[in-house]
Amino acid sequence: ASSYRNLAQYYTIARQRNNAYSYLHKALALAKETGDVTIESNVSDKLFQLYKNESHYDSALFYLMSFQNLEAKIEKDETLKELSRIELTAQFQEREHLRREEQLKREYWFFLTSILLLSLLSILGMLYFLSKSRLKRLRLEKLAMELRSSNLELKKESLEKELEIKNKELTTNVMYKI
């Protein structure tokens with residue numbers, strides 16, 4: 001269709017109007033057959049100009065209206081494409097926003113879990129050190145009790161020896177007096 005249009009343009013410049021009409025009509029038929037609205041619009045415009053220059057106003061009006069309808073259709077299609085693009089962009093942005101929110105939520109839960117685990121570990125560490133220090137304190141208290149016990153036994157022995165010595169002195173004194 002594009003080649004026929006270009007040939008028609010060549011024949012228009014060469015002032016061979018019949019060949020130009022023929023190729024423009026072939027281009028228009030092919031453009032309609034393939035559904036290429038842009039070429040169809042362009043060919044309708046060329047036919048409008050040719051018929052207007054030849055003073056065939058009925059045909060010129062027909063192709064002018066066809067051209068305007070096709071341009072409106074192209075504009076409508078472009079508007080629909082733009083709306084679709086905007087809608088897809090909005091959907092993508094919404095999905096991206098939801099993905100970011102999910103990511104933030106995961107990061108929040110990860111942070112919260114990390115804080116909880118660190119707190120739990122620090123509490124467990126404190127409990128471990130408290131139990132170790134308690135065991136150490138209990139051992140030291142046991143050792144202190146054993147030392148006191150042995151100290152008391154030594155005092156008891158020393159008091160018993162002192163009592164024994166005093167008894168012997170008393171016995172010696174009593175025998176001396178007797």
Side-chain angles (χ1 to χ4, degrees), residues 1-6 27-46 65-178:
S2 181
S3 297
Y4 284 146
R5 182 190 60 199
N6 291 339
L28 186 62
L30 274 176
K32 284 181 180 179
E33 189 178 315
T34 59
D36 191 340
V37 181
T38 306
I39 292 179
E40 190 178 345
S41 168
N42 187 276
V43 170
S44 292
D45 184 42
K46 298 275 186 212
M65 291 174 61
S66 175
F67 170 72
Q68 288 175 343
N69 287 338
L70 291 170
E71 285 296 312
K73 184 177 181 182
I74 289 171
E75 188 175 321
K76 180 182 173 186
D77 288 345
E78 287 176 2
T79 303
L80 287 175
K81 285 179 186 177
E82 184 65 20
L83 284 174
S84 296
R85 186 190 64 76
I86 289 171
E87 184 177 337
L88 287 174
T89 302
Q91 288 175 353
F92 174 76
Q93 288 173 344
E94 184 178 337
R95 279 192 224 123
E96 187 66 21
H97 179 69
L98 289 173
R99 187 191 63 78
R100 275 192 232 119
E101 283 182 2
E102 283 295 319
Q103 181 68 25
L104 287 173
K105 193 184 238 183
R106 275 183 285 202
E107 287 174 4
Y108 171 76
W109 281 110
F110 177 75
F111 178 73
L112 190 62
T113 305
S114 299
I115 294 295
L116 184 65
L117 285 175
L118 284 174
S119 300
L120 185 64
L121 282 174
S122 63
I123 289 172
L124 287 175
M126 292 169 130
L127 288 174
Y128 174 75
F129 286 116
L130 282 174
S131 66
K132 276 195 105 171
S133 65
R134 183 174 178 209
L135 283 174
K136 192 174 183 180
R137 185 180 48 108
L138 287 174
R139 275 192 234 124
L140 288 174
E141 284 179 5
K142 184 180 174 185
L143 184 61
M145 292 288 278
E146 287 175 0
L147 287 175
R148 276 190 228 123
S149 170
S150 67
N151 193 15
L152 284 176
E153 281 184 33
L154 286 174
K155 278 186 181 180
K156 181 182 170 188
E157 284 178 16
S158 89
L159 285 174
E160 284 177 355
K161 283 185 182 181
E162 201 176 309
L163 181 65
E164 195 179 309
I165 292 174
K166 296 274 185 189
N167 275 339
K168 284 184 183 180
E169 280 181 13
L170 187 64
T171 311
T172 310
N173 263 345
V174 168
M175 282 190 49
Y176 178 73
K177 289 202 179 183
I178 295 181

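Residue indices begin at 1 and follow the sequence shown.
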> Working to the nearest 0.5 Å, report the span between CD1 of Ile123 and OG of Ser119.
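OG of Ser119 is found 6.0 Å from CD1 of Ile123.
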> Measuring from Ile74:CD1 to Leu70:CG, what's the distance to the nearest 0.5 Å?
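It comes to 6.5 Å.
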> Lys73 versus Asp77: any side-chain heavy-atom pair under 4.5 Å?
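Touching, per the 4.5 Å side-chain cut-off.
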> Less than 4.5 Å apart, side chain to side chain, heavy atoms only: is that true for Arg95 and Arg99?
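Arg95 vs Arg99: side chains apart.
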> Using atom types as modelled and distance alone, determine if a side-chain donor or acceptor of Ser149 lies under 3.5 Å from a backbone N or O of Met145.
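No, the answer is negative, given that no donor and acceptor are paired below the 3.5 Å cut-off.
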> Do the charged groups of Lys156 and Glu153 touch, with an N to O distance under 4.0 Å?
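No.
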> Just verifying a value: how many Å separate Ile178 CD1 and Asn173 CG, rounded to the nearest 0.5 Å?
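It comes to 11.0 Å.
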> Would you check if Glu162 and Ile165 make a side-chain contact, meaning some heavy-atom pair closer than 4.5 Å?
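No; the side chains remain at least 4.5 Å from each other.
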> Are side-chain heavy atoms of Leu104 and Glu101 found at a separation under 4.5 Å?
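The answer is no, as the side chains (C-beta and beyond) never meet within the 4.5 Å cut-off.
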> Does atom CD of Glu94 have more than 12 heavy-atom neighbours from other groups under 6.0 Å away?
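12 or below, so no.
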> State whether Glu141 and Arg137 are salt-bridged, where the test is any N-O pair (Lys NZ or Arg NE/NH1/NH2 against Asp/Glu carboxylate O) under 4.0 Å.
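Salt bridge between Glu141 and Arg137, a charged N being under 4.0 Å from a carboxylate O: yes.
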> At what distance, to the nearest 0.5 angstrom, does CE of Met126 lie from OG of Ser133?
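Answer for the CE-OG pair, Met126 versus Ser133, is 11.5 Å.
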> Measuring from atom CD1 of Ile86 to atom CD of Gln91, what distance do you get when rounded to the nearest 0.5 angstrom?
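Separation between the atoms: 12.5 Å.
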> Could you tell me the separation between the CG atom of Leu88 and the CG atom of Leu83, rounded to the nearest 0.5 Å?
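Those atoms lie 11.0 Å apart.
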> Quick one: do Glu82 and Arg85 make a salt bridge, cutoff under 4.0 Å?
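The answer is yes: the pair qualifies as a salt bridge.
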> Are side-chain N/O atoms of Arg134 and Ser131 paired as donor and acceptor at under 3.5 Å?
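Side chains of Arg134 and Ser131: no pair found under 3.5 Å.
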> Does Arg106 CZ have over 12 foreign heavy atoms under 6.0 Å away?
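Yes - once you tally the heavy atoms of other residues, nucleotides and ligands closer than 6.0 Å, there are more than 12.
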> Can you list, pair by pair, the side-chain donor-acceptor contacts under 3.5 Å of residues 34-43, counting residues two or more places apart and other chains?
from: Thr34; atom 1: OG1; to: Leu30; atom 2: O; distance (Å): 3.0
from: Thr34; atom 1: OG1; to: Ala31; atom 2: O; distance (Å): 3.3
from: Asp36; atom 1: OD1; to: Thr38; atom 2: N; distance (Å): 3.3
from: Asp36; atom 1: OD1; to: Ile39; atom 2: N; distance (Å): 3.4
from: Ser41; atom 1: OG; to: Glu71; atom 2: OE2; distance (Å): 2.4

